[in-house]
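Encoded as structure tokens, the structure appears first; notes follow it.
Residue numbers start from 1 in every chain, and the chains themselves are labelled A, B, ... in the order their sequence lines are given, proteins ahead of strands. The shown structure was predicted, so the numbers you read here are calculated from the model rather than taken from an experiment. Keep in mind that the numbers below use all heavy atoms, side chains included, and drop hydrogens, waters and symmetry copies.
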Number of protein chains: 2
Amino acid sequence: MASSIHDLARHLNISIGTVSRALNGRADVNAETRQRVLDAARKLNYSPNQSGRNLRRGATQSIAFMLQPHPGDQQYGEPFFIPFLTGLQAKLAEHGIDLMVVMGGPGDYQHERLRRLVEARRADAVVLAWTRREDERIDYLTEVGFPFATLGRSQSGGRSYPSLDLDFEKAGSDAVDRLVARGHRRIAAVRPLLNLNFGYLFIAGYRKALKSHGIDFDPSMIAAGFINESGGYEVTPKLMQSKDVPTAIIFNNDAMALGGCRALVEMGLQPGKDIAVVVIVDTALCRYFSPRLTSFRPALEPLGQRLAEMLLESMPALAGPEGAKIIREVWPLELVVRDSD
Amino acid sequence: MASSIHDLARHLNISIGTVSRALNGRADVNAETRQRVLDAARKLNYSPNQSGRNLRRGATQSIAFMLQPHPGDQQYGEPFFIPFLTGLQAKLAEHGIDLMVVMGGPGDYQHERLRRLVEARRADAVVLAWTRREDERIDYLTEVGFPFATLGRSQSGGRSYPSLDLDFEKAGSDAVDRLVARGHRRIAAVRPLLNLNFGYLFIAGYRKALKSHGIDFDPSMIAAGFINESGGYEVTPKLMQSKDVPTAIIFNNDAMALGGCRALVEMGLQPGKDIAVVVIVDTALCRYFSPRLTSFRPALEPLGQRLAEMLLESMPALAGPEGAKIIREVWPLELVVRDSD
DNA sequence: AAGTTTTCCGTAAACGTTTACGACAACACA
DNA sequence: TGTGTTGTCGTAAACGTTTACGGAAAACTT
């Protein structure tokens with residue numbers, strides 16, 4: 001059923017070497033011969049077997065993304081990742097590379113799966129997300145010399161890999177600036193559990209801005225929870241029980257914010273009126289909610305496209321002779337003013 | 001860097017054939033030899049190269065899922081698919097099979113990509129979703145004899161492939177029954193555009209139930225839109241402009257329902273009080289919203305697991321000697337009573 | 001017309017596995 | 001001792017490509 005390059009060669013009375021060269025656009029093949037091969041390939045609808053090609057080339061022409069649930073949680077953060085993956089896939093497809101999304105079960109930090117994937121060479125490179133400040137996955141990959149890129153920064157692995165991140169620090173700081181300008185002094189922040197790097201950066205910006213406004217940092221103004229709706233729901237009441245109640249809350253994420261707002265409403269407070277709410281990472285969820293939340297919005301699809309480019313350029317095998325460029329970028333988040341602050 | 005089976009053999013002073021047999025658990029190898037091989041493999045941390053294995057075995061040990069945007073839309077329906085894929089992946093992983101999610105760009109109906117994937121034999125089988133009543137993808141796959149399974153039924157392709165679906169017809173009918181029992185007679189329905197099969201089934205159930213209650217079917221009580229928030233938002237006002245205003249609306253999807261509720265609120269109507277709202281497919285979104293919507297909820301993760309089983313059992317190569325069983329199942333949706341009806 | 005370059009193509013090895021086949025030794029049985 | 005059986009292993013071919021190498025013919029050069 002599947003026609004091989006041999007069938008094609010036999011059909012044309014030509015050697016398989018020539019067929020392969022014709023198909024791969026090499027220079028040393030007669031123009032007319034190439035045309036005949038192309039026509040025949042179309043007619044027999046031949047398409048090269050990936051496995052054979054992979055084996056010979058030592059590359060799979062595919063890149064893996066590990067979509068993993070938050071530690072301790074069942075959610076994958078999909079509203080965030082799907083647009084990102086769309087961009088990633090689009091750019092990779094331009095280069096004939098497949099994106100392969102592998103999903104981890106809950107609980108494990110993906111390490112075993114990553115190791116298997118790398119050792120079996122199922123993909124040529126991998127894209128990591130949910131980077132932590134110290135990330136064992138990054139340590140592992142740099143140690144074995146497997147190509148990868150990260151969405152998000154980390155302190156692991158030095159500068160040996162491309163990374164693309166959002167400027168959570170600036171967003172955290174801008175959020176505070178904005179709230180202060182609107183008269184708030186008691187500003188709370190809800191960050192993710194664990195040492196996920198973006199939460200760290202967010203809080204760093206938050207504290208820096210507070211300081212610049214001469215506001216003392218109050219630890220009771222910070223709460224940490226799961227990065228989802230129920231995380232925000234559980235954590236917000238604690239914030240409101242502190243002796244000096246906040247007049248504004250910055251959530252690190254719109255899912256958390258939604259949960260937080262639900263809690264606020266149940267406490268008889270109306271977000272956007274009785275208390276200001278700002279969201280740092282606005283995925284699609286904000287759209288579904290009223291009041292519409294003021295937020296910092298990332299350009300998710302371009303983010304995916306760019307990271308694909310950066311990864312490709314970092315790989316000598318694909319980047320061409322001029323070799324591997326390690327690029328690191330940090331992108332701004334766009335402020336979207338809506339009704340909640 | 002990557003150790004091959006040759007390295008292992010050399011290290012053990014043994015032939016590669018024996019090493020392979022030992023690793024693959026064949027019978028004709030001495031127990032002690034096998035142990036030595038296993039130990040050495042671990043020590044050199046050898047893991048078989050997938051490409052070589054694929055080529056020789058003629059199989060890739062991976063299955064593709066095509067995650068595609070709705071036609072005419074940018075959304076992927078991810079709140080629905082992510083849990084489904086989690087289940088799918090989990091079950092496949094038990095059999096050492098990788099799930100590879102390929103994402104289609106907007107607009108195309110995935111056909112070109114599907115064809116390329118099949119012809120290059122990048123996967124051993126594929127899982128299809130968003131089945132249509134007549135589905136060219138199904139026609140294509142059955143024609144070329146490529147293994148696949150579908151989430152959702154179709155009229156294409158006969159009974160030659162495993163399929164798993166939800167009982168949208170029953171849910172549509174039950175929704176009407178419930179609303180009628182609560183005193184409603186003017187019941188509207190919002191379905192997806194295009195001939196997606198689940199929308200068809202939903203409406204079929206809806207009409208059947210109306211009939212059984214002696215309610216005449218009124219075409220102006222049905223509206224079709226994109227399967228997302230803005231789809232529901234755009235379509236709902238039209239429904240409310242019909243001469244005899246509905247007192248209840250059944251949305252085919254929670255994203256649509258959210259948009260619909262937003263429209264209703266803007267019209268000064270409170271869902272759950274002034275007008276009843278029921279949702280047929282409840283993904284995670286319902287949780288984020290108030291009033292909490294009464295809905296029919298699918299068991300998404302088990303759905304994925306089951307479909308993986310069914311696909312595997314349908315494939316002679318994997319199912320073992322007893323051969324291919326084609327299973328088709330339809331699962332009920334569970335009614336979750338909340339505050340909106 | 002002889003030498004030199006260029007153009008084009010065939011040959012065969014290689015990528016890392018799996019597996020059919022046969023070989024050899026050990027053992028059992030007569 | 002000869003024959004058959006069993007257990008264990010090595011040999012080599014095969015999977016479908018790509019590509020280094022070399023060679024023959026054609027095209028230039030002088």
Side-chain angles (χ1 to χ4, degrees), chain A residues 1-38 40-41 44-62 96 116 118-124 317-318, chain B residues 1-38 40-41 44-62 96 116 118-124 317-318:
Chain A
M1 169 116 297
S3 63
S4 83
I5 202 173
H6 289 96
D7 304 329
L8 208 51
R10 203 173 317 121
H11 179 259
L12 287 166
N13 265 331
I14 224 183
S15 84
I16 61 166
T18 306
V19 174
S20 175
R21 278 189 297 263
L23 257 22
N24 288 13
R26 297 206 110 60
D28 55 347
V29 44
N30 186 294
E32 188 216 1
T33 313
R34 162 168 295 130
Q35 199 45 247
R36 283 179 55 221
V37 171
L38 259 27
L44 304 194
N45 70 43
Y46 165 79
S47 138
N49 177 297
Q50 257 321 116
S51 301
R53 177 172 271 188
N54 290 349
L55 178 57
R56 171 62 217 219
R57 297 223 253 231
T60 65
Q61 310 280 81
S62 73
R116 266 186 27 225
V118 166
E119 283 173 356
R121 291 192 158 42
R122 276 203 124 116
D124 299 339
L318 299 174
Chain B
M1 170 117 297
S3 62
S4 84
I5 202 173
H6 289 96
D7 304 328
L8 208 51
R10 202 172 319 122
H11 180 259
L12 288 166
N13 265 331
I14 224 184
S15 84
I16 61 166
T18 306
V19 174
S20 176
R21 278 188 297 263
L23 257 22
N24 289 13
R26 298 204 111 59
D28 56 347
V29 42
N30 185 294
E32 189 217 359
T33 312
R34 161 167 297 131
Q35 199 45 246
R36 282 179 55 222
V37 171
L38 258 27
L44 304 194
N45 70 43
Y46 165 79
S47 136
N49 177 295
Q50 261 315 120
S51 301
R53 178 171 271 186
N54 291 349
L55 178 57
R56 171 61 217 219
R57 298 221 254 232
T60 66
Q61 309 281 81
S62 74
R116 267 186 25 225
V118 166
E119 284 173 354
R121 289 190 160 44
R122 275 203 126 114
D124 299 339
L318 300 174

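- Counting heavy atoms from C-beta on, the side chains of Val19(B) and His11(B) never come closer than 4.5 Å.
- Side-chain contact between Thr18(A) and Val37(A): absent, with no pair of heavy atoms (C-beta onward) separated by less than 4.5 Å.
- Of all the residues in residues 17-32 of chain B, Gly17(B), Ser20(B), Arg21(B), Asn24(B), Arg26(B) reach under 4.0 Å from DNA chain C with at least one non-hydrogen atom.
- Distance check, rounded to the nearest 0.5 Å: CZ of Arg21(B) to OG1 of Thr33(B) gives 10.5 Å.
- Mapping heavy-atom proximity under 4.0 Å, the span of DNA chain D touched by chain B runs 5' to 3' from dT8(D) to dG16(D).
- Within residues 47-57 of chain A, the residues that place at least one heavy atom under 4.0 Å from DNA chain C are, in residue-number order, Leu55(A), Arg56(A).
- One side chain, Thr60(B) or Asp124(B), offers a donor N or O that lies under 3.5 Å from an acceptor on the other.
- At a threshold of 4.5 Å between non-hydrogen side-chain atoms, the residues Leu23(A) and Leu8(A) count as touching.
- Arg122(A) places a side-chain heavy atom less than 4.5 Å from the side chain of Gln50(B).
- Within the 4.0 angstrom heavy-atom criterion, base atoms lie near Ile16(B).
- Between the side chain of Asp7(A) and the backbone N or O of Ser4(A) there is at least one donor-acceptor pair closer than 3.5 Å.
- Without hydrogens or angle criteria, Arg36(A) side chain to Leu12(A) main chain gives a donor-acceptor distance under 3.5 Å.
- In this structure, the side chain of Arg34(B) engages the main chain of Arg26(B) through a donor-acceptor pair within 3.5 Å.
- How far CZ of Arg53(A) is from OG of Ser20(A): 8.0 Å, rounded to the nearest 0.5 Å.
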